[in-house]
J.: 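Quick one: the structure is below, and I'll ask about it shortly.
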Amino acid sequence: MTDPRPLWRRLDPAAWDTGLSPANARLCWQTALDALDAPLPAPPAGRPPRRVLLIGSANVFTAPIPWIYLLHMLGVQVRVKPARGQQAVVEALADGVEGVEVRVWSGGDTDAEADAMTDVDGVMAFGGAEAMAAIGARVPPGVVWLPFGPRFGVAITDQPGAAVVVDHVLYDGRGCMSPAAVFARAPDLDALAQHMAEAEARWPRGPLHPLEGARLRARALLARATGAVREGPSWAVLQLPLRMFSPEALPRCLVVHPFTDLADVAATLAPYRDLLGTVATDQALPFPAPRRCAPGEMQAPPLGRTHDGVDVLEALWRTQP
Amino acid sequence: MSVADCIAPIRRFIETGEGDFWSLARALYAAQLQDNPVYAAVSGGVRPERIEAIPAVPVSLFQELSFTCAPITPATVVFRTSGTTTGRRGVHYLQDTALYELGARRHFLRCVPDAPLSRVVSLCPPGGGDSSLGHMVDDFAQAPPVHAFDPDRGLLPEVWSFLQDGPLFLATTAFSLDALLSLPGRADLDPRSLVMVTGGFKGRKVRLDAAALYEALPARLGQPRVVGEYGMTELSSQLWTEPVPAGVVPGAFRAPPWLYVYTVDPTTGEPAEEGLLRFVDLCNVWSVLAIETMDVGRVARDADGHQQVTLLGRLSGAELRGCSLRMEELSSRVER
């Protein structure tokens, strides 16, 4: 089995349209590849699946990397359908890696999708809830279906610092592991603003979508009325009361909710608990989370068998007689 | 000068055209800063030198904050938006609705002077509740309106029977109209009848084909005239299209003289030729006079100097959907 990491290390993600600045794209790429340096997890007993179809999601251009790598290294053929705008990335990942194949079709082309699903043992898909429901309805009987819908992350800590800022800056906050909000006992807004300004200088923000721009301006006004605002040319640190928590992360907009009692944080997150993915914390949480990590590690999940709390390898291997 | 002091000159402006928009807007803004602490906080106390510099409140903030220039009491009229992407509803507080009603009636009757208001059939939520649309329609009616829509049950099964005989004003949202046409039946409306269609064509689950909906009208409703209305809970004034024959899609929306419309770049908030619609509404006396919508459009002036708004749709973020959570994903949860 050829280890693709040396090939991938030579690629420059700044050559692709990632929606990020070149410096941020390189940081994301390096972070994703560094996570592959951990030992491979042991596969379950039994025979591995012959081929798995990965359907990527927009926003995080490195998202297929750990699963392509892991499945490939465990001897599984991988067929990848790139997300919109990410064909070049996936083609570069597959180039020269035996057993990794790219299939491109537009959303809604059910014939092409059915063809891609004909000879696979499992389908792993990432993306919006509507897309997951639509694809799931078309997965053939007997094929393992592993949908991973949208998620959000948060950080919960006494005093957030540079590590949380880097978590937020990666992918410009558009990833499911990005902190949509930071719950902090003693936030120092000026220090966070300084970290955001430094991050902007090193890894500038990419272009904003108009909807993001409109929502950013609205949220800044909300913070002006109810909390506090620190702003730079293309970043903001907004302090808002807990009741104004939103699970939607916005690019380079670090939302900080001060708290005194973790029970209040738990109550704030309760309506969205099933959508919570990653929690970066140094606290003893009074509620479960699919993935916990230290601040600064949100975007670098360790290479493992699980995603969003689901043991992917167990699900795929169990299908084999 | 308090907000209450602004009402009489605005009323005169609506009734007689006396005064000028900028002076009235500037005075109302200053009064709202004084009487509305939340707006004062949002605006940062800016002193505008032109209309476009009056701080505009994004409509999403009406879900989070209470914009009111007077204490909320049991007598306060409360209009609420229908479901939103977050499940929270925007709230517009009015201490009285006199100016709202004056402006609404004046502009509507300028746009459609011969509207048959002696007989109104409404497929909108009834007035008297928290629907500003229902309030407006009921206020237009010169006799008790027939309500053929129940907020809990939808259209009444006998709705077609209400549409027979004589000229009438049929007030409907696009979605209620679609629901009506999906029911068996037809009515040959008197040609003097007027069908008002309001509301967007894109719901949280379904996008209606506007052209197909309008084109279907002659076969099911005969040959009434059709007029488009643009309004929203957070706005006290409305815009109307020219009436058109059934089967034709209504055109641009005309703003009344007491409402100024302009467009901004969604990202920067700076004026742009095409972009998010912002309204400066002199009838929004009890809340905030300037709001920013999530609707995209263009503004032009007609030969008479009236502003005409071409609506291009909602600002969409469909291409942003991916593995991270977007407010639009939450809306589908709320629906389920």
Side-chain angles (χ1 to χ4, degrees), chain A residues 19 56-61 63 83-86 126-131 133 148-153 171 173-178 180 207-226 229 240-241 243-244 246-250 271-272 274-277 308, chain B residues 36-46 55-67 85-88 204-205 264-270 272 274-276 288 292-296 314-336:
Chain A
S57 80
N59 301 345
V60 178
F61 74 101
R84 180 185 55 251
Q86 293 180 3
F126 304 83
E130 284 178 19
F148 295 100
R151 295 270 177 166
F152 72 97
Y171 308 98
R174 295 192 184 100
C176 58
M177 297 176 188
S178 302
L208 282 181
H209 184 280
L211 185 67
E212 292 173 328
R215 289 198 172 144
L216 272 168
R217 290 188 295 105
R219 208 173 292 181
L221 290 176
L222 190 61
R224 188 191 278 180
T226 62
V229 179
L240 284 164
R243 69 179 187 279
M244 289 178 179
S246 165
E248 184 185 60
L250 292 170
Y272 312 102
D274 58 323
L275 297 168
L276 181 60
D308 289 346
Chain B
N36 184 338
V38 177
Y39 187 32
V42 166
S43 73
V46 166
V57 174
V59 290
S60 63
L61 266 58
F62 283 73
Q63 298 165 28
E64 310 276 359
L65 302 171
S66 297
F67 292 100
T85 51
T86 59
R88 296 173 186 157
R204 274 171 270 160
K205 284 184 173 172
V264 296
D265 180 300
T267 302
T268 64
E270 292 299 317
E274 180 179 307
L276 293 180
V288 297
E292 177 178 306
T293 72
M294 292 298 273
D295 291 327
V296 178
R314 296 278 292 175
L315 181 61
S316 166
E319 54 274 35
L320 287 170
R321 290 195 183 192
C323 66
S324 60
L325 192 65
R326 314 235 29 111
M327 299 316 285
E328 290 74 13
E329 298 282 359
L330 286 176
S331 79
S332 56
R333 274 163 60 90
V334 170
E335 276 289 294
R336 285 198 292 271

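In what follows, chains are A, B, ... by sequence order, proteins preceding strands, each numbered from 1.
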J.: Chain B: which of A:Ala131, A:Gly175, A:Pro210 shares the most heavy-atom pairs with it under 4.5 Å?
T.: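 The residue among A:Ala131, A:Gly175, A:Pro210 with the greatest pair count is A:Pro210.
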
J.: Contact part of A:Ala83 toward chain B, heavy-atom cut-off under 4.5 Å: side chain, backbone, both or neither?
T.: neither

J.: Quick one: CG on A:Leu208 to OG1 on B:Thr267, what's the gap to the nearest 0.5 Å?
T.: 5.5 Å

J.: Listed by chain and number, what are the side chain to side chain contact (heavy atoms under 4.5 Å, CB included) partners of A:Ala63, not counting sequence neighbours?
T.: A:Val60

J.: Counting only non-hydrogen atoms closer than 4.5 Å, does A:Leu221 touch chain B with its backbone (N, CA, C, O), its side chain (CB onward), both, or neither?
T.: both

J.: Nearest 0.5 Å, please: how far is OG in B:Ser60 from CZ in A:Arg217?
T.: 10.0 Å

J.: Looking only at heavy atoms, which two atoms of A:Ala225 and B:Val42 are closest? And how far apart?
T.: CB-CG2, 3.5 Å

J.: Please classify the contact between A:Ser178 and chain B as side chain, backbone, both or neither, with a heavy-atom cut-off of under 4.5 Å.
T.: neither

J.: Please look at A:Arg224 and chain B and tell me whether the side chain, the backbone, both or neither of the residue comes under 4.5 angstrom of a heavy atom of that chain.
T.: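 Contact with chain B: backbone and side chain both.
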
J.: Out of B:Val59, B:Val296, B:Leu65, B:Asp265, which one racks up the most heavy-atom pairs below 4.5 Å with chain A?
T.: B:Leu65

J.: Using the test side chain to side chain contact (heavy atoms under 4.5 Å, CB included), find all partners of A:Asp308 that sit at least two apart in sequence or belong to another chain.
T.: A:Phe148, A:Arg151

J.: Whether the side chain of A:Arg243 engages the backbone of B:Glu64 through a donor-acceptor N/O pair (distance < 3.5 Å, no angle test) should be reported.
T.: no

